[in-house]
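Below you'll find the structure, written out as structure tokens, and then a few comments.
Note on naming: letters A, B, ... go to the chains in the order of the sequence lines (proteins, then strands), and numbering restarts at 1 for each one.
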Number of protein chains: 2
Amino acid sequence: MVDVARHAGVSLKTVSRVINDAPHVQQSLIDKVLASAAELGFRPNRLASTLRSGQSTATIGLLIEEIANPFYSTIAAVAAEVARAHDTLLITASSEEDPEREQQLLRDLCSRRVDGLLVVPAGDDHSFLRAEVEMGIPVVFLDRPATGLLADTVLLDNRGGARAAVQRLLDAGHRRIGILLDSIGVYTMRERLSGAQEALAQAGVAYDLTLVREGVRDPMTAAVATAEMLDRSDPPTALFTLNNRITVGAVQELWRRESDAALVGFDDFELSHLMPRPLTVVAYDVREFARTAAELLFERVNRGQTWPRTVVLPTQLLERGLSLAPAPATKARRTRAH
Amino acid sequence: MVDVARHAGVSLKTVSRVINDAPHVQQSLIDKVLASAAELGFRPNRLASTLRSGQSTATIGLLIEEIANPFYSTIAAVAAEVARAHDTLLITASSEEDPEREQQLLRDLCSRRVDGLLVVPAGDDHSFLRAEVEMGIPVVFLDRPATGLLADTVLLDNRGGARAAVQRLLDAGHRRIGILLDSIGVYTMRERLSGAQEALAQAGVAYDLTLVREGVRDPMTAAVATAEMLDRSDPPTALFTLNNRITVGAVQELWRRESDAALVGFDDFELSHLMPRPLTVVAYDVREFARTAAELLFERVNRGQTWPRTVVLPTQLLERGLSLAPAPATKARRTRAH
DNA sequence: TGAGCACGTGACAACGTTATCAACCCAATG
DNA sequence: CATTGGGTTGATAACGTTGTCACGTGCTCA
């Protein structure tokens, strides 16, 4: 700007005024300054502008697990949309489920003075963010609640959805239901598992731990876990997969071996209705979910502090046919008699 | 930092040193400064740091069409991965195919002093970036070449892939091949269509414009276009869909009406092998594609100027079965006799 | 003993911008 | 004619940080 000012024969401040469309500048000077700026290839530096004026950076941070997962990429897309409506850009960072990395990324984002944070928490202690929150950086937690910190949170009705899913399988006559889940350390997995247990308990069906397979991280391991479960001498007649990645792996394996086990998955996904087997899913509106969180964030960015709110969005059992349980008094029964 | 310095009874510079782990500071002072910083809730301001030191912002910008499309979200994921390996964060912005918006976003990213830009160009004139490129902001174009500007570019062998696809359909005996594409204004669509034409010409099959449907933007319109094409009195016996979104829509419609038309799609996608109909696709390694571009970018970021390079990645016809053309001398033949 | 050097510390300017305020011009007012 | 006031312009300080340099201390080495 100094160079432009010298070149145009005006003061620094006048250049600033022209660049910012400020009033009270002669047209002739405006033209001169713009010409000089163009000639010298002047590019405004937003960092300096932000620093001096104390304005916002027009940036928000989104911390998720991994963008490649369609669940998170949809969230990222919606967050970017909402951000755009507020003339804001989005920095997306992946924690890869690593609490240390999460903390480091959040600190980094804070030091970049983002206007707000949208966080799918991975770690189990977010008290290090307390100072930020108290100092007024808006934070909204998504999909999982933060621990050690009060803040806006948007969740799904994981428990209710899982309960309905298992309920449905029980109604169809299934008694041996295999459950595949990612790490029990993840909030959503715990909740969904609890919901499943509630449904079993309510139906008076014993909770068989050997039918629960934890630590299923991706479609590949889900396929393996499915295979192992079906290869048992007393295989389940139905599977309940606790997230979309696991469901995909289970579908592949069931299809490969032409098994007729029933399958209900948590999370809907594109093309789920075209799967080679009838696939009932616990569905919800991911975009609505993400939009709620993003709008909560901007509300806080624009209006300032309020009491932390928690929003829980409903889920819906989307039935696409469900193979029935085999006739009673088969292996399953006998096994349970042991 | 001034407050911390006063509180700790040291100079500003000493605080700076402590914060940056600079050598030559007594342990006792380090402790005192850290204690004061913690007590006052000091958070370093990277903007100021970057401004003063002239260091990089450790940020790159990614400009794509829309993150919700799995093709782009994979690119974003890989870009973020590569960026992370260089301790850099990623700002993702969507142009929504709007050239004006694209230009505005690119300017914005430049004014934020990103270290580099990864761009899937939407507009048809990128000369406005020439100044940036010449002043040393590294830019890599992805998926489509930039116009009016020399810069690194990473492309797919669109033409070759499309040629192979149509070739394969012709080999299977198909003579009436419907082609569904997004806007002809998009580079990849033009290239793929050209490849298809080349294969037809080589086989001596006339190029029938009525079998080409342009402007198919999403799965929904693809399904409609598919329906319309199959409802003709002289329907095609095979379809070639020119991107993943169109393929999805076509699969849905073919499946819905239990048509036995053959289908080959450009772009592979997750679960494509589980589709209810055999689906042959022109596949390529999206992650490799994105990684190539991102690494080209960081090479330029770190090593500075070199001559612009263009990389073209190969595609591969992934055959998953293809229904054969109907017996000769059917409708299709008769129609061509007109 | 004194030069040389490594270490430890702080004063000050600077990065590129904007806020503040003073100064100027000129027309309108009393 | 002096006074007011709006429009226009610029000098200067400041945003939060780091680079530069100068200074003091204590040690080593010839």
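- The base of C:dT18 lies close enough to the side chain of A:Arg52 for a donor and an acceptor atom to sit less than 3.5 Å apart.
- Per the geometry, CZ belonging to A:Arg43 stands 12 Å off P belonging to C:dT17, to the nearest Å.
- The nearest whole Å value for the distance from the CG atom in A:Asp21 to the P atom in D:dT8 is 15 Å.
- Between A:Thr14 and D:dG10 there is a side-chain N or O to OP1 or OP2 distance below 4.0 Å.
- For D:dG7, the OP1/OP2 oxygens have no side-chain nitrogen or oxygen of A:Gln26 closer than 4.0 Å.
- Position along DNA chain D of the nearest nucleotide to B:Ser16 versus A:Val25 favours A:Val25 as the more 5'-ward residue.
- For the pair B:Ser53 and D:dT17, the criterion of a side-chain N or O lying under 4.0 Å from OP1 or OP2 is not met.
- For the pair B:Ser49 and D:dT17, the criterion of a side-chain N or O lying under 4.0 Å from OP1 or OP2 is not met.
- Going from atom CG of A:Leu12 over to atom C1' of D:dT9 covers 12 Å, rounded to whole Å.
- An OP1 or OP2 oxygen of D:dC15 is reached within less than 4.0 angstrom by no side-chain nitrogen or oxygen of B:Asn45.
- Rounded to whole Å, the distance from NZ on B:Lys32 to P on C:dT9 is 9 Å.
- For the pair B:Arg291 and B:Glu288, the salt-bridge criterion is met [side-chain N within less than 4.0 Å of a carboxylate O].
- Contact check on A:Glu66 versus A:Arg245 returns no salt bridge, with no Lys/Arg side-chain nitrogen under 4.0 Å from an Asp/Glu carboxylate oxygen.
- Put simply, CE on A:Met1 is 11 Å from P on C:dA19, counting in whole angstrom units.
- There is no side-chain donor-acceptor pair under 3.5 Å between A:Asp124 and A:Thr147.
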Take A:Thr59 and B:Arg112 through the side chain to side chain donor-acceptor pair (under 3.5 Å) test and state the conclusion after the steps. CA-CA 10 Å; A:Thr59 315; B:Arg112 285 160 193 265; 2.7 Å; yes

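- A salt bridge is defined here as a Lys NZ or Arg NE, NH1 or NH2 lying under 4.0 Å from an Asp or Glu carboxylate O, and B:Arg144 with B:Glu97 meets this definition.
- If you check every strand for non-hydrogen atoms under 4.0 Å, B:Pro23 touches nothing.
- Atom pair A:Arg17:CZ and D:dG7:C1' shows a separation of 11 Å (rounding to whole Å applied).
- Side-chain N/O atoms of A:Lys13 and base N/O atoms of C:dA19 include a donor-acceptor pair closer than 3.5 Å.
- With C:dG10, D:dA11, D:dT17 as the choices, the nucleotide that has an atom nearest any side-chain atom of A:Ser11 turns out to be D:dA11.
- Going from atom CG of A:Asn20 over to atom P of C:dA19 covers 8 Å, rounded to whole Å.
- Distance, B:Leu51 CG to D:dT18 P: 11 Å, rounded to whole Å.
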